[in-house]
Amino acid sequence: MPKTILALLILLASSLFVFSVKAQERDDARLKPAERNRSGTLRQLIPGYYVFSSTSFNSGVIATSEGVVVLDALSSEAIARQEREVIASVIKQPVRFLVSSTFHNNYTWGNVAFQDVIKVGHENYRADLLAQMQRDRVSPENQKARLPQVTYRDRLTIHLGGKEIQILYLGRGHTRGDSIMFVPQDRIAYVSELFFSDQFLYINDGYGLSWLKTLDAIQALPADILVPGHGLIPEDPKETRQGLHRFRQILVDLRDAVQEEIARGATEDQAAAAIKLPQYEKMQGYRSQREVAVRRMYKEMTGKLP
C-alpha cells in the first residue's frame, strides 16, 4: 500500500476517534455484568506476534513500530475493549487496522470498540455481515460501527513498521468471505475460523469441499506458524502445522463418507442418519455440528449449495 494512501487511512481513523469515545461512554451503561467481567489473555507467540484469547476464541495481534493490526474483534464490545487495553499496556502501540474474517456475531460484536481504526474485510464478508445485521434489525448506527470501510477481492497488502502484512482470500471455507493475515518475512499466518484447533468444524455457513482446497492453499504458504481462530495453541507454536493437518483430516473423512453414501444412492436424510464419524465424537462441537456438516457436504457435493 503506498505511503500516501496509508497516511490518508490513518487520518481517517483519527477523525473517527472522537465519535468512538462518545459512543463507548454511552454504551458502558448497557453492558451486562457478565460482559463487563468476562476476561481474555494476551500471549506472545514470537517477538511481535500475539494472540488474544477469550474462552475458545482467538484474535490475532501483529505489533509493529508504527502501530498494531488486529484480526477479529471477538464476541462483545467489552471483550474488544479489554483487548485494546491489554495491547495499549503491553505493546504500547495504537491499533491502526482491524481485519475481520468471519461475519458471525461472535467475531463481529466487538467491532464497535474499533471505531477509531480502519476496518478491513473481504467483499463477501461485508455483504454477509450487512445482510445478517439487517435480518437482526440492527440500528443504522451500529451497522456503521461494525462494517468495514475497506474491502478487497483477492489480496490487500498493508505496509506498516517495516512489515509486509498480506491480507489474503484463498477461497470459501468456514464462510464465503474468510480472510487470513500472512507475514512472509516472519513465516507466520493467522487463519481465523478456517482452523479449529482440536475441535470439530463449525460449518453452518461453510463449504466443505471448498474448505479443503482453501486449507491446501494455507498449507502451501511458507509459514512455520498457523494460528487458529478457535482452540488452544501449543506451547511450541510451530506445532500448529500438525494441528491444522489434523483438522483437515476431519474434512477428508467427512467428504469420503458422504461420497460413499451418494455412490450408493442415499438421500440427504439417509446420509445424515448413517454418517456418524465416531472418531471425532469426543471433540467440542461434534454433537451440535455432525449432522450439519454431513448435510452441508452432501448439498455441496450434489450441487445444491449456491
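For the single chain, residues carry numbers from 1 onward in sequence order.
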| Does K276 NZ have over 12 foreign heavy atoms under 6.0 Å away? | yes
| query | Between A189 and L221, what is the shortest heavy-atom contact and its length? | reply | CB-CD1, 4.4 Å
| task | Would you please name every residue forming a ring pair (Phe, Tyr, Trp, His ring centres under 6.0 Å) with F182, sequence neighbours left out? | result | none
| Same cluster or not: are V191 and L71 linked, directly or through other Ile, Leu, Val, Met, Phe, Trp or Tyr residues, by side-chain heavy atoms under 4.5 angstrom apart? | no
| Inter-residue atom distance K304.NZ - Y298.OH, 0.5 Å rounding | 5.0 Å
| message | Once rounded to the nearest 0.5 Å, what's the spacing between atom CD of Q289 and atom CZ of R295? | response | 13.0 Å
| said: Please verify the inter-ring angle class for Y202 with F196; under 30° counts as parallel, over 60° as perpendicular, anything in between as tilted. | reply: parallel
| Does atom CD1 of I46 have more than 12 heavy-atom neighbours from other groups under 6.0 Å away? | yes
| field | Hydrophobic cluster identity match, L215 and I188, side-chain contacts under 4.5 Å | value | no
| task | Name all residues meeting the ring pair (Phe, Tyr, Trp, His ring centres under 6.0 Å) criterion together with Y152; count only those two or more places apart in sequence or in a different chain, and write none if there are none. | result | H122
| task | Begin with the C-alpha distance, continue with both residues' side-chain angles, and end with the deciding distance and a verdict on side chain to side chain contact (heavy atoms under 4.5 Å, CB included) for Y190 and N58. | result | CA-CA 10 Å; Y190 292 83; N58 299 322; over 6 Å; no
| said: Restricting to non-hydrogen atoms, name the atom on G40 and the atom on Q82 that form the minimum distance, rounded to 0.1 Å. | reply: N-OE1, 2.9 Å
| query | Quick one: do F195 and I233 end up in the same hydrophobic cluster if we chain Ile, Leu, Val, Met, Phe, Trp and Tyr together by side-chain heavy atoms under 4.5 Å apart? | reply | no
| From CD (E261) to CD (E268), nearest 0.5 Å | 12.5 Å
| request: Give a yes or no on whether the backbone of R187 and the side-chain of D224 come within a donor-acceptor separation of less than 3.5 Å. | output: no
| query | Could you walk me through whether I87 and V95 pass the side chain to side chain contact (heavy atoms under 4.5 Å, CB included) check? | reply | CA-CA 8 Å; I87 288 172; V95 177; 4.2 Å; yes
| task | Go through the steps to decide whether V183 and M181 satisfy the test side chain to side chain contact (heavy atoms under 4.5 Å, CB included), and finish with yes or no. | result | CA-CA 7 Å; V183 186; M181 296 198 310; 5.9 Å; no
| said: Can you see whether F114 has R84 sitting over its ring - NZ or CZ less than 6.0 Å from the centre and within 45° of the normal? | reply: yes
| request: Measure the shortest side-chain to side-chain distance between Q199 and M283 over non-hydrogen atoms and say whether it is less than 4.5 angstrom. | output: no
| field | S59 (side chain) donor-acceptor with A73 (main chain) under 3.5 angstrom | value | no
| query | For the side chain of R255 and the backbone of G208, is there at least one donor-acceptor N/O pair under 3.5 Å apart? | reply | no
| task | Assess the side chains of H104 and D205: does a donor N or O sit below 3.5 Å from an acceptor N or O? | result | yes
| query | What residues form a ring pair (Phe, Tyr, Trp, His ring centres under 6.0 Å) with Y107, not counting sequence neighbours? | reply | F57, H230
| message | How close do P237 and L45 get, counting heavy atoms only, and between which atoms? | response | CG-O, 3.8 Å
| field | Residues R96, E66: salt bridge by 4.0 Å N-O rule | value | no
| message | Does Q132 form a side chain to side chain donor-acceptor pair (under 3.5 Å) with D128? I'd like the steps, not just the answer. | response | CA-CA 6 Å; Q132 173 182 262; D128 290 342; over 6 Å; no
| note | For S101 and D72, the nearest pair of non-hydrogen atoms, with its separation, is N-OD1, 3.1 Å
| P184 side chain near Q166 side chain, heavy-atom distance below 4.5 Å | yes
| Sidechain-backbone polar pair: T240 side chain, L226 backbone, donor-acceptor under 3.5 Å | yes
| Over 12 non-hydrogen atoms of neighbours within 6.0 angstrom of CD in E260 | no
| task | State plainly whether one hydrophobic cluster holds both I275 and W211, where clusters connect Ile, Leu, Val, Met, Phe, Trp and Tyr through side-chain heavy atoms under 4.5 angstrom apart. | result | yes
| Does the pair Q134 and Q143 meet the rule for a side chain to side chain contact (heavy atoms under 4.5 Å, CB included), with working shown? | CA-CA 8 Å; Q134 290 175 340; Q143 289 183 34; 4.2 Å; yes
| query | Looking at residues at least two apart in the chain, or sitting in another chain, which of them share a salt bridge (charged side-chain N to carboxylate O under 4.0 Å, His left out) with K238? | reply | none
| remark: Students should find that the hydrophobic cluster of F103, defined by side-chain heavy atoms under 4.5 Å apart, otherwise consists of Y125, L129, L130, M133, V138, L147
| Closest non-hydrogen atom pair between R296 and I203, with its separation | CG-O, 3.3 Å
| By ring pair (Phe, Tyr, Trp, His ring centres under 6.0 Å) - contacts of Y207 (at least two apart) | none
